[in-house]
There are 2 protein chains.
Amino acid sequence: MSAVKHDVFQAIADPTRREVLRLLANEELPISKISDHFPISRTAVAKHLHILSEAQLVTGKRVGREKIYTLHPEPLTEVQQWLSYYE
Amino acid sequence: MSAVKHDVFQAIADPTRREVLRLLANEELPISKISDHFPISRTAVAKHLHILSEAQLVTGKRVGREKIYTLHPEPLTEVQQWLSYYE
DNA sequence: TTGACATATAACCAAAAGGTGTTATATTAT
DNA sequence: ATAATATAACACCTTTTGGTTATATGTCAA
């Protein structure tokens, strides 16, 4: 799970990660709140968030003992541009 | 390679498969011609084509001893629609 | 009819993906 | 000070992915 290993196409390939992005579109959320929405462990959700942050789709800021994740949809334009070829 | 249909998001996650789609955007091609463009074996390319066809992004028609693949970009609209949420 | 060609199929492999549970560390509330 | 909370960091496991090679089958050309 290194710094530039995951690209945006890979990041959005997983349905759980797409749902995470949807959640964060509405509001910033800590890991615990995000993992409440999924039937998997908090550890697994944290890994998904790490992959999303490698793709620069989210950032996490420390607030007290929580880590609050924020959506950054900008990298999705790469997908958009790739798709535009087929319209 | 499961019998379960591959999702279009998963299909386009792989860079080789995205390149295959680009090639087929210009012209229909048999497997052998497609695999000329990649440093991997013909078998590997055939597997990628199988995944793309599970996602309904390509179809293959038998012509003599060749199998000619054709692009069908329609399923990409699912990605387009998913992306539109973030614009 | 024989040989070359195009693809299919099968067995196999290493690495990555997606998950688990446990333990450690930092922060907050009592 | 202690207990509870939130996350991080491991170690570990199973399945999937992306690739290989070898062999079989069907088609075309000489």
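All chains are named by letter (A, B, ...) in the order of the sequence lines, taking the proteins before the strands, and each is independently numbered beginning at 1.
DNA chain C is contacted by both A:Ala13 and B:Lys67; B:Lys67 maps to the nucleotide lying nearer its 5′ end (nearest heavy atom per residue).
A:Lys61 places its NZ atom 20 Å from the C1' atom of D:dA8, with the value rounded to the nearest Å. Between the CD atom of A:Glu66 and the P atom of D:dA4 there is a distance of 19 Å, given to the nearest Å. A:Arg17 places its CZ atom 8 Å from the P atom of C:dA17, with the value rounded to the nearest Å. C:dA16 atom C1' lies 20 Å from atom CZ of A:Phe9, rounded to whole Å. In this entry the distance linking CG of B:Leu49 with P of C:dT7 reads 10 Å, nearest Å.
Out of D:dG18, C:dA17, D:dG19, the shortest distance to the side chain of B:Thr16 is found at D:dG19. In the set C:dG19, D:dT20, C:dT22, C:dT22 carries the atom at the smallest distance from any side-chain atom of A:Thr43. Checking C:dA8, D:dT21, D:dT7 against every side-chain atom of A:Ile31, the shortest atom distance belongs to D:dT7. Of all nucleotides listed (D:dT7, C:dA6, D:dA11), D:dA11 comes nearest to the side chain of A:Lys47. Distance from the side chain of A:Arg42 is smallest to D:dT7 among C:dT20, D:dT7, C:dG18. Nearest nucleotide to the side chain of B:Arg62, out of C:dA8, C:dT22, D:dT20: C:dA8. With C:dG18, C:dT7, C:dT9 as the candidates, the nucleotide lying closest to the side chain of B:Pro30 is C:dT7. Between D:dA8, C:dT7, D:dT21, one nucleotide has an atom nearer to the side chain of B:Ser41 than all others, and that is D:dT21.
Although no hydrogens or angles enter the test, the distance criterion places a donor-acceptor pair under 3.5 Å between the side chain of A:Arg18 and the main chain of A:Ile12. With hydrogens and angles ignored, the 3.5 Å screen pairs a side-chain donor or acceptor of A:Arg17 with a backbone N or O of A:Gln10. At distances below 3.5 Å, not a single donor-acceptor pair connects side-chain atoms of B:Thr77 with backbone N or O atoms of B:Gln80.
Between A:Lys33 and A:Glu27 there is no salt bridge, since no side-chain nitrogen of the basic residue lies less than 4.0 Å from a carboxylate oxygen of the acidic one. Classification of A:Arg42 and A:Asp36 as a salt-bridged pair fails, no side-chain N sitting under 4.0 Å from a carboxylate O.
The base of D:dT5 sits with one of its N or O atoms less than 3.5 Å from a complementary donor or acceptor on the side chain of A:Arg65.
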